[in-house]
Amino acid sequence: MAGVINELIREIVVEMGATAMTITHDMSSVRAISDKVAMLHQGVIQWTGPVADMDNSGDPYVHQFIHGLAEGPIEAVR
């Protein structure tokens, strides 16, 4: 179902020239629908840039998050 929703979002953005803002932790959706990405951590924008630059951002927070790593600067909630 997420794929259907992603396609609808992209379709509306392209056809109408609209801007869509989505908040998600689903990296597949991010890659499917985004042109630009911002990562928030504790209410602060940690990194922002084109989705194509996300994997090579050089930011340890982004790296940990997009790869689902337990180790890194983002502390696990216990």
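In this text the structure is predicted, and so the values were computed from the model without any measurement.
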### Query
Can you list every pair that meets ring pair (Phe, Tyr, Trp, His ring centres under 6.0 Å) and has a residue in residues 15-41, with sequence neighbours left out?
His41-Tyr61

### Task
For residues Met54 and Val62, report the shortest heavy-atom separation together with the two atoms involved.
O-CG1, 3.7 Å

### Task
Output the distance between atom OG1 (Thr24) and atom CD1 (Ile5), rounded to the nearest 0.5 Å.
10.5 Å

### Task
Of all the heavy-atom pairs spanning Ile45 and Leu40, show the shortest one and how long it is.
CG1-CD2, 3.4 Å

### Message
If hydrophobic clusters are built by linking Ile, Leu, Val, Met, Phe, Trp and Tyr wherever their side-chain heavy atoms come under 4.5 Å apart, do Met27 and Trp47 end up in the same one?
### Response
yes

### Query
Taking atom CE of Met16 and atom CD of Glu11, what is their separation to the nearest 0.5 Å?
11.0 Å

### Task
State the CD-CG distance between Gln46 and Asp59, to the nearest 0.5 angstrom.
4.5 Å

### Query
Which value, rounded to the nearest 0.5 Å, describes the distance between Glu7 atom CD and Ile33 atom CD1?
11.5 Å

### Query
Val44 versus Gln42: any side-chain heavy-atom pair under 4.5 Å?
no

### Query
Got a second to check how far Ile9's CD1 is from Ser34's OG, nearest 0.5 Å?
9.0 Å

### Message
With clusters defined by side-chain heavy atoms of hydrophobic residues (ILVMFWY) lying less than 4.5 Å apart, directly or transitively, does Ile23 cluster with Val30?
### Response
no

### Task
Find the distance between CD (Gln64) and CD (Glu75) and round it off to the nearest 0.5 Å.
9.5 Å

### Message
Between Arg10 and Asp35, does any side-chain N to carboxylate O distance fall below 4.0 Å?
### Response
yes

### Task
Please step through side chain to side chain contact (heavy atoms under 4.5 Å, CB included) for the pair Lys36 and Thr48, ending with a clear verdict.
CA-CA 7 Å; Lys36 294 181 183 177; Thr48 186; 5.6 Å; no

### Message
Using a strict threshold of under 4.0 Å (side-chain N to carboxylate O), is an ion pair present between Asp55 and Arg31?
### Response
yes

